[in-house]
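Just so it is clear: chains get the letters A, B, ... in the order the sequence lines come, proteins before strands, and each one is counted from 1.
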Amino acid sequence: MPEKQYDHNLIEMKWHRRWENQPLYKPEHDTTKPKYYVLEMLPYPSGTLHVGHLRNYAIGDALARYKWMQGFNVLHPMGWDAFGLPAENAAIKNNRHPREWTLANIAAMKRQHNRMGFSYDWDLEVSTCEPEYYRWNQWFFLKMLERGIAYRKKALVNWCPECATVLANEQVVDGCCWRHETTPVVQRELDQWFFRITQYADELLADIAQLEGGWPERVLTMQKNWIGRSEGTEVDFQLADFETKIRVFTTRVDTIFGATCLILAPGHSLAKELVDADGQKQVRAMLDAQARKDPGDVLKEGFATGHYAVNPYSGGKVPVWVGNFVLMGYGTGAIMAVPAHDQRDFEFCTQYGLPVVPVIRPMDGALADPAAMKEAFGDDGIVENSGEYSGLGSEEARTRMNARAKAEGFGEKAITFRLKDWGVSRQRYWGTPIPVVHCPTCGVVPVPEDQLPVLLPLNVAITGKGKSPLENVPEFLNVKCPVCGEDARRETDTMDTFVDSSWYFYRYCDAHNSSAPFDSKKIAYWFPIDQYIGGVEHAILHLIYSRFWTKMMRDIGVIQNDEPVKRLFTQGMVIKDGAKMSKSKGNVVSADEMIDKFGADTGRVFELFAAPPERDLDWTDTGAEGSYRFLARVYRFVTRNVDRADLSSTLPRTEADKRVLRKLHQTLKKVTEDFESRWHFNTSIAAIMEFVNELYASESELTPAVIAHVLERLTLLLGPFAPYVAEEMWEELGRTGPVFKQKWPAYDDELAREAGAEVVLQVNGKMRSKIVVPFGASKEDLEQRAREDDKIQPFLAGKQVAKVIIVPDKLVNFVVKG
RNA sequence: GGCUGAGUGGCGAAAUUGGCAUACGCAGCAGACUCAAAAUCUGCCGUCCUUCACUGGGCGUGUGGGUUCAACUCCCACCUCAGCCACCA
């Protein structure tokens, strides 16, 4: 009879049909059971999935299946993002409605995820473009409005001329829109909605300590840098000829006696007031250039306003300049330039012939000669030429100067963050409408809760030009004021889609709740998320917004946890032909193509086997073929030995039996440990391959009882990695019930143990021989055996043994001289 | 410029606590099976020297130093690559 061959199409089709349209596993809301919440980041593809998109799901799904088998109550949900901008672009290009486009994409992605056999609980599917999700976005918005966390202000904002919309700072990449890499961003002043994330800056920074260990160090560092806390001093400089003061921020107030000018950002309000018409022109030019934020070294430029300001510490007068390298968005938008102790100031001042005045002496040196200085001295040291502060250390001088500023009312100690408030307004159609009404008499009026959700009108022309398309829909735009009942105008801004992704994982716990965003009791059980898996590209935006949103929800009283995610895992990219997979590079392997050719199981096994999950992975077809061969090898072994398997057989165990059992239990141990600690599934799968190699070598000598024992465990072992073929083999073994509902096989230390300890014999640290001894042999015994070893003796002959290092059960090392 | 990683065969990689460097896979080579091929199975596979062969030995984890009986692993300095941030006062 011909041997059964592995046919992934037959097997996967069969089980896919059985699993389709029914949740494989439903978590119970049973708070007495240990829970595990595993979540992959929302997909953001605008078209079909490729193998690069599937990697974090392969990792997450293996983990979810393992945790089930370990008896955990597992929440493993899946949902879909609204893809704001891609949806509108598609609408413009293909004349399709964004809603239609989005739903079609979701259907396509869902079909592909189903084909991969991922084990989501589809009953908890959440799409962020659904009316119910809008309702709760808006509900949170109103809560934030009440508390002043959501607010509106006129602001200079980044504006992408291509999208005709505002961008968050985080969406500006190298001076260009994150979606249009060649379109420079310009600055515009507009009324915008913001979330006061800066109110949480301190907490966001402090709570990073809670995440240490569970989050990658790299991500935490990126977040710290992004929040960018710095301690310093704000100091007022009185203008000599006006009643106005200029407030500057500095971290080095100890250098203030060396300040030789003040420099205003071109966006500073005084920059416009203090300069003449010609200066106005220069200011505008600088603003445009700053908006472009050209990467690399932009030449420092500036000009004097002709005005002077008084240094409150020294009483000296310094000129006021405008400089293109000073940013409005950081500190106060004005700086004091201390060329002797700040490299940027040094470059600026020497370029324009402004004096350099050293006031800090290095601990072990002399005060620099300004004429000879090639660069600024930026370290702390001893303060000199600074009146009453001369002779103090930098630290001490800062403390005293802060105290004086406060006492005399011209400044104070200040903490500045790089993090800015989150601008959430988008002049775009496809997003959650901001639920407020503008009334000529009552001002900004929130939409009453019982009128939520405010839904998008469906008949709308999307052109991608000018203002929001919503402005052209009278039945949306024109409303009555909820307070006075007069004619009013609905807000047409919609919310950033990062709002959606900031809390979708909470909604999963209670996806069908229609009276609240979720039941707080369910959140208390499931949160924080035990394991979140996604790309490192979300280290800043999504992962800071989510943390902020969690703290905000805690403050409005709907949840109790401070942090959303206990452990974060960032998987590497999938590379092909030396580049990240992308349509433009033409190196995409689509999910459908891969499944047709190799099967979902092979794709999953290869993605887990080819590299450790945190590292980048090279996709090669020949490599995938190797994984296919491995699965085929396993399948063949199982099917051709299944008739031989008999657990009740009492034949005595052969040497091969013992060898195979030992290898099996070593493999079980290895795979279990990989799941429990470092997730190096590449070594887990390598171990299973080694075990299969051992099975092939010993096949003919195995007894029926051992065959039965081995086949069952081999199948279970493969369950998390290759679920389709595992299921098929389980059925071949005459067993019923899905593999992932079986118990994870425990390993037996006794069976896993080697017959004896293999001891390495070294001379001067070089391996010369190996011997096998019973475990726990004494040091004397070991040395004796080592000295008698044939291969060791020549190295000891005629030499003097200075020392013998013995590590029991491991090694003997002779240190010889002569 | 700052921060964070990484650098091991022809290639992807392993070595988890300082103790056998290169597990597992890919590619390659050889053999078995076959009329033949594919598939499959088995063996070889860092480098140099030695040997007909068996074998034995030197070198070898980016570079240079150090600690140690022993270093891919720890310390110091440097080089290269990647990612993120970047006139942040």
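- Contacts of A:D345 with the nucleic acid, taken as non-hydrogen atoms under 4.0 Å apart, are absent.
- Between A:Y66 and A:F675, the ring planes lie parallel to each other; the angle is under 30°, not in the 30° to 60° tilted range.
- At the heavy-atom level, A:R218 lies under 4.0 Å from the strands shown only through sugar-phosphate atoms.
- Between A:R418 and A:N225, every side-chain heavy-atom pair lies at or beyond the 4.5 Å cut-off.
- Here side-chain hydrogen bond (donor to acceptor under 3.5 Å, both in side chains) pairs that include residues 684-693 of chain A, with residues two or more places apart or in two chains, are A:R633-A:N693, A:K663-A:E690, A:D674-A:S684.
- A donor-acceptor contact under 3.5 angstrom links the side-chain atoms of A:K670 to the base of B:U16.
- Among the atoms of the strands shown, only primed sugar atoms or phosphate atoms (P, OP1, OP2) are found under 4.0 Å from some heavy atom of A:S230.
- Using a 4.0 Å heavy-atom criterion, one finds that A:F795 contacts the sugar-phosphate atoms exclusively.
- Counting atom types as modelled, A:K300 pairs a side-chain N or O with a base atom of B:C87 as donor and acceptor under 3.5 Å.
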Shorter than 3.5 Å, N or O on both sides, protein versus nucleotides 27-34 of chain B: list them out with atom names.
from  : atom 1 : to     : atom 2 : distance (Å)
B:A27 : OP2    : A:R629 : NH2    : 3.3

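- Using a 4.0 Å heavy-atom distance criterion, A:P612 is classed as a sugar-phosphate-only contact.
- The phosphate of B:C59 has OP1 or OP2 within less than 4.0 Å of a side-chain N or O from A:K766.
- The aromatic rings of A:Y313 and A:F257 sit tilted relative to each other, their planes meeting at an angle between 30° and 60°.
- Side-chain rings of A:F498 and A:W422 stay apart, their centers remaining 6.0 Å or farther from each other.
- For the pair A:K300 and A:F325, the cation sits on the ring face: its NZ or CZ lies under 6.0 Å from the ring centre, inside 45° of the axis.
- Spacing of P atoms, B:U63 relative to B:C11, comes out at 15 Å, to the nearest Å.
- If you check every strand for non-hydrogen atoms under 4.0 Å, A:E758 touches a base.
- With no hydrogens or angles considered, a side-chain donor-acceptor pair links A:E754 and A:Q666 at under 3.5 Å.
- Within the nucleic acid shown, A:R768 comes within 4.0 Å of sugar-phosphate atoms alone, with no base atom in reach, counting heavy atoms only.
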In dot-bracket form, how is RNA chain B paired, counting a Watson-Crick or G-U wobble pair only if both its distances are under 3.5 Å and using | for bases paired to another strand? (((((((..(((......[....))).(((((.......))))).((((......))))..(((((..]....))))))))))))....
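- Looking at heavy-atom distances under 4.0 Å, A:V326 makes contact with a base.
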